[in-house]
Amino acid sequence: MQGLAPSSKLSLTVVVVVFLLGMAGAAHGLTRVVANSPDEPCMNMTLYYHDILYNGNNTANATTAAATKPTALATTYWKNSTYFGALMVFNDPMTVGRALPLAGEEPAARAQGFYFYDKQTRDFSVVSGTGDFFMARGVATIRTDAIEGLYYFRLQMDIKLYECYV
């Protein structure tokens, strides 16, 4: 993984829609670095995103909950409980390796935001960050890495940042 120190704390906000933010990095004494071309990001990394859906009984370890109820149309066409159009809100741990962080262990990062079930979206906009990734902009391309039942899945996120502040 390029550019991520083991002790770095970061939080990437990954959402399906792009938020417009009015703050400038220069106001915080940081220098803006923009990639020279779409093929050369200013930072490139791979992290694993762990999503634990709330099932009504797992309050202690759930990281994602439905913010809307599925419509009748969604439940008619999607029999596998991943209801098309459902809005999910998440605060998920992200790790460098595939394993979930152990109790008391800090994840390498956290992904926070929301997503819709649509069976197709695989590129997310990265619209912000904290710490070393303040005001970062880029794209996170995901692929399903593991699924365990209806309530846990792990995604591999290949993250390319095209606007970084240092």
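For reference, positions follow the sequence shown, starting with 1.
- Annotation: side chain to side chain donor-acceptor pair (under 3.5 Å) contacts of Asn58 (sequence neighbours excluded): none.
- Think of Leu100 as one node in a network of Ile, Leu, Val, Met, Phe, Trp and Tyr side chains linked at under 4.5 Å; its network also takes in Ile52, Tyr152.
- Using a 4.5 Å heavy-atom threshold, the side chains of Leu155 and Ile142 count as touching.
- Every residue two or more places apart in sequence or in another chain was checked for a side chain to side chain donor-acceptor pair (under 3.5 Å) with Thr59, and none qualifies.
- Not a single salt bridge (charged side-chain N to carboxylate O under 4.0 Å, His left out) links Asp158 to another residue, sequence neighbours left out.
- Applying the side-chain contact (heavy atoms from CB on, under 4.5 Å) test to Ile147 and every residue at least two apart in sequence or in another chain returns Thr144, Phe153.
- Of all heavy-atom pairs between Ile159 and Ala140, the closest is CG1-CB, 4.1 Å.
- A distance of 13.0 Å separates CE of Met43 from CD of Glu163, quoted to the nearest 0.5 Å.
- Legend: residues meeting side chain to side chain donor-acceptor pair (under 3.5 Å) with Thr64, ordered by chain and number and at least two apart, are Asp51, Asp92.
- Remark: Arg154 CZ to Met94 CE distance equals 13.0 Å, nearest 0.5 Å.
- Although no hydrogens or angles enter the test, the distance criterion places a donor-acceptor pair under 3.5 Å between the side chain of Arg137 and the main chain of Met135.
- Legend: residues meeting side-chain contact (heavy atoms from CB on, under 4.5 Å) with Ala66, ordered by chain and number and at least two apart, are Met88.
- Proximity of Arg110 to Pro93: side-chain heavy atoms (C-beta onward) are separated by under 4.5 Å at one or more points.
- Atom OG1 in Thr95 sits 3.0 Å away from atom NE2 in His50 (nearest 0.5 Å).
- The hydrophobic cluster containing Met157 does not contain Tyr48, counting ILVMFWY residues as joined when their side-chain heavy atoms lie under 4.5 angstrom apart, directly or transitively.
- Hydrophobic clustering of Ile, Leu, Val, Met, Phe, Trp and Tyr side chains at less than 4.5 Å, counting indirect connections, keeps Tyr115 apart from Tyr54.
- Cluster partners of Val139: none. The rule joins Ile, Leu, Val, Met, Phe, Trp and Tyr whenever side-chain heavy atoms lie under 4.5 Å apart, and it links nothing here.
- Once rounded to the nearest 0.5 Å, the distance linking CD of Gln156 with CG of Leu47 reads 9.5 Å.
- Between Leu150 and Leu53 the shortest side-chain heavy-atom distance does not fall below 4.5 Å.
- Val126 places a side-chain heavy atom less than 4.5 Å from the side chain of Leu161.
- Between Tyr49 and Phe90, the ring center distance clears the sub-6.0 Å criterion.
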